[in-house]
Amino acid sequence: MKNNDSEKETETSNLVENMAKSISRRRFLTVSGVAALSAVAVACGSSESSDTTVAAPSTDAPVAEEEIGGEITLWAWGAGLEGDKTKERIAYFNSKYPNVKVNWEPLAKNGYEEYPALLARFASGNAPDVMRVLNFQPTQLVAEGDALLALDDFIAADPDIDMADFLAPTVLGGQVNGKQYGMPDNTEPYVIYYNKDAFAAAGLEDPQVLFGQGKWDQASFESSINALMSKGGMKFGLAFEAWNYDTFCFMGGGTVLDSDQKPTIDQGASPQMLDFFAKLVKDGKSPSPVVGGGAQLEAFRNGEVGMYLMGPWWYGALAGTTKFKYDVTGLPSFNGVRAGKLELGSLAISSASKNPKAAWAYVKTVTDTEGLKIWSAVATPTRRSALQAAGFNDEQWKKDAVAMVEAGTFTPFTTKGSAVDTAVSAALDNLWAGKSTAAAATADAVKRLTEALGN
């Protein structure tokens with residue numbers, strides 16, 4: 001994007017280059033072997049389409065109480081099922097606001113890989129009105145010149161908005177410095193996929209039953225891994241991926257950073273949890289976790305591993321591709337703690353939007369109960385009412401996933417994008433390779449984190 005003949009474009013290019021490091025974990029989802037599944041995973045949407053304008057459909061639906069019209073630009077994922085559901089949500093919005101034209105720009109890649117391009121849009125003064133923002137992105141965009149519009153006044157003035165209907169962790173994920181910059185739109189916890197046939201062959205109790213009874217803990221988890229390998233015919237008991245290091249810490253009650261963004265990964269349960277997972281690799285009970293995100297899905301699909309720690313977005317992708325029965329349940333508890341990482345997505349509005357009323361109308365409508373029910377085909381709804389409407393309370397694996405949302409957490413977001421992930425991942429490389437202890441690796445992580453965050 002560099003252009004030495006244009007000072008503005010050079011400035012934009014520099015910004016993009018500086019922020020490119022912000023691309024986070026989901027960049028790994030482009031590895032070979034999982035790309036064909038990316039269209040069905042909410043974290044991996046892609047599209048070959050150019051800008052798509054979805055005009056207000058012909059409808060006799062009543063105009064909203066306050067006449068709102070004009071155009072807005074929407075920046076969001078756009079391939080496969082996600083694209084179909086985005087169109088459906090736009091149509092739902094237009095049934096309430098028929099005078100607003102939504103110019104939808106489907107992303108060509110996922111929301112992390114497209115992030116530098118979004119920053120360039122802001123830098124050039126051409127930001128979209130509404131955009132999907134993920135994890136650390138609201139924090140960073142607010143820090144970069146208040147690029148997002150605070151939604152608190154809109155929320156307070158709208159009697160139809162009940163923030164208590166949203167799952168609490170998803171509300172916090174859209175806040176920066178106590179202000180709401182994103183309406184909760186998408187959340188995915190981390191869960192355990194398991195081979196039901198292998199569990200039965202090993203004489204093990206179903207993990208969903210144990211989870212519901214509060215007995216899915218370290219002891220039952222570890223014994224299941226051993227039995228799957230000795231009696232269930234599995235090459236490995238569990239597969240996981242190294243970039244999920246924070247999930248492991250959270251499972252036992254550990255942390256990576258505290259609320260002041262000071263490193264804590266070397267304290268409490270974090271070293272213990274990292275040591276537990278590293279020992280599985282060392283003992284041959286888990287394959288090497290130093291692989292791209294989603295890479296272990298093939299090992300699970302092929303019947304090489306009995307369990308796989310990952311988000312629930314792959315559940316549907318496995319349908320019809322395995323020779324065994326599989327299911328999903330929550331993460332096991334360690335140290336009496338049930339916890340796990342959340343991937344968070346919100347809908348935000350540019351502070352430079354030329355049509356903020358229409359943008360807000362869109363955001364509040366597609367995140368209401370019906371809007372999130374539509375989106376439930378590709379993601380876990382963030383509203384309790386939408387969970388009920390979408391039938392999440394009727395399917396056990398989905399109920400277990402929701403339980404992990406309610407028990408979910410995330411490392412405090414920083415203005416440095418993926419600096420935390422980069423620093424910790426580098427420090428833990430020797431741990432996964434069996435060349436370092438968890439204590440030494442986490443001490444190194446503290447040093448790297450301190451330097452990366454300027455603490």
Side-chain angles (χ1 to χ4, degrees), residues 24-45 110 112 134-135 186-196 198-199 207-208 211 216 221 224-225 228 234 236-251 273 276-277 280-281 285-319 321-322 324 326-332 338-345 378-380 397-398 400-405 407-410 421 425 432:
S24 191
R25 299 181 178 93
R26 298 290 176 82
R27 68 188 184 274
F28 294 110
L29 291 176
T30 58
V31 296
S32 59
V34 301
L37 298 173
S38 62
V40 300
V42 74
C44 320
N110 68 57
Y112 290 112
L134 310 172
N135 292 331
N186 178 80
T187 182
E188 299 299 351
Y190 279 72
V191 293
I192 294 290
Y193 291 76
Y194 62 98
N195 185 321
K196 290 176 69 72
F199 266 77
Q208 278 187 356
F211 184 81
W216 186 228
F221 187 53
S224 294
I225 291 172
L228 285 168
M234 298 288 99
F236 299 105
L238 173 74
F240 60 93
E241 289 150 12
W243 52 267
N244 270 320
Y245 67 88
D246 45 356
T247 308
F248 315 146
C249 295
F250 298 154
M251 285 169 66
M273 296 303 303
F276 174 85
F277 281 91
L280 292 177
V281 178
K285 298 176 181 179
S286 293
S288 171
V290 187
V291 293
Q296 305 287 27
L297 182 71
E298 289 304 313
F300 180 78
R301 175 189 280 117
N302 294 335
E304 293 181 356
V305 298
M307 291 183 285
Y308 177 33
L309 193 159
M310 180 49 73
W313 48 82
W314 293 126
Y315 188 91
L318 286 169
T321 68
T322 68
F324 56 86
Y326 63 89
D327 218 325
V328 163
T329 193
L331 299 178
R338 175 187 288 180
K341 177 178 64 181
L342 291 182
E343 297 283 352
L344 298 164
V378 291
T380 304
W397 82 265
K398 291 184 176 181
D400 290 359
V402 173
M404 290 311 305
V405 174
T409 186
F410 45 87
D421 284 346
S425 295
W432 303 125

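Quick note: residue numbers are just sequence positions, from 1. Atoms considered below: every heavy atom in the structure, side chains included; atoms not considered: hydrogens, waters and symmetry mates.
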Heavy-atom closest contact ([X] atom, [Y] atom, distance):
X: F240; Y: Q296; result: O-NE2, 3.3 Å
X: L228; Y: G306; result: CD1-CA, 3.9 Å
X: Y194; Y: P207; result: CE1-CD, 3.4 Å
X: N186; Y: A379; result: OD1-CB, 2.5 Å
X: T187; Y: T380; result: O-CB, 3.1 Å
X: V290; Y: W432; result: CG2-CB, 3.8 Å

Apply side-chain contact (heavy atoms from CB on, under 4.5 Å) to residues T247 and L309 and explain how you reach the verdict. CA-CA 10 Å; T247 308; L309 193 159; 4.1 Å; yes
Passes side-chain contact (heavy atoms from CB on, under 4.5 Å), L331 versus I192? Steps please. CA-CA 6 Å; L331 299 178; I192 294 290; 3.9 Å; yes
For the pair [X] (side chain) and [Y] (backbone), establish whether a donor and an acceptor sit closer than 3.5 Å, ignoring hydrogens and angles.
X: N135; Y: L344; result: yes
X: Y326; Y: A319; result: yes
X: W216; Y: G330; result: yes
X: N195; Y: A198; result: yes

Interatomic distance, [X] atom [atom1] to [Y] atom [atom2] [nearest 0.5 angstrom]:
X: L134; Y: E343; atom1: CG; atom2: CD; answer: 8.5 Å
X: M273; Y: D246; atom1: CE; atom2: CG; answer: 12.0 Å
X: F324; Y: K196; atom1: CZ; atom2: NZ; answer: 12.0 Å
X: E241; Y: S286; atom1: CD; atom2: OG; answer: 11.5 Å
X: T322; Y: N302; atom1: OG1; atom2: CG; answer: 10.0 Å
X: F221; Y: M251; atom1: CZ; atom2: CE; answer: 5.5 Å

Does the side chain of T321 pick up a donor-acceptor pair with the side chain of R301 at under 3.5 Å? yes
Do you see a donor-acceptor pair shorter than 3.5 Å between the side chains of D327 and Y193? no
Does any non-hydrogen side-chain atom of V281 lie less than 4.5 Å from one of F277? no
Got Q208 and W397 here, is their nearest side-chain heavy-atom distance under 4.5 Å? yes
Stepwise side-chain hydrogen bond (donor to acceptor under 3.5 Å, both in side chains) check, Y245 with D421: CA-CA 9 Å; Y245 67 88; D421 284 346; 2.6 Å; yes
Under the 6.0 Å and 45° cation-pi test, does R338 pair with F250? no
Does K341 make a cation-pi contact with Y190 (under 6.0 Å, within 45 degrees of the axis)? yes
Evaluate the side-chain contact (heavy atoms from CB on, under 4.5 Å) criterion for residues W314 and M310: first the C-alpha distance (whole Å), next the side-chain angles of each, then the deciding distance (0.1 Å), finally the verdict. CA-CA 8 Å; W314 293 126; M310 180 49 73; 3.3 Å; yes
From CA spacing to verdict: side-chain contact (heavy atoms from CB on, under 4.5 Å), I225, M307: CA-CA 8 Å; I225 291 172; M307 291 183 285; 3.5 Å; yes
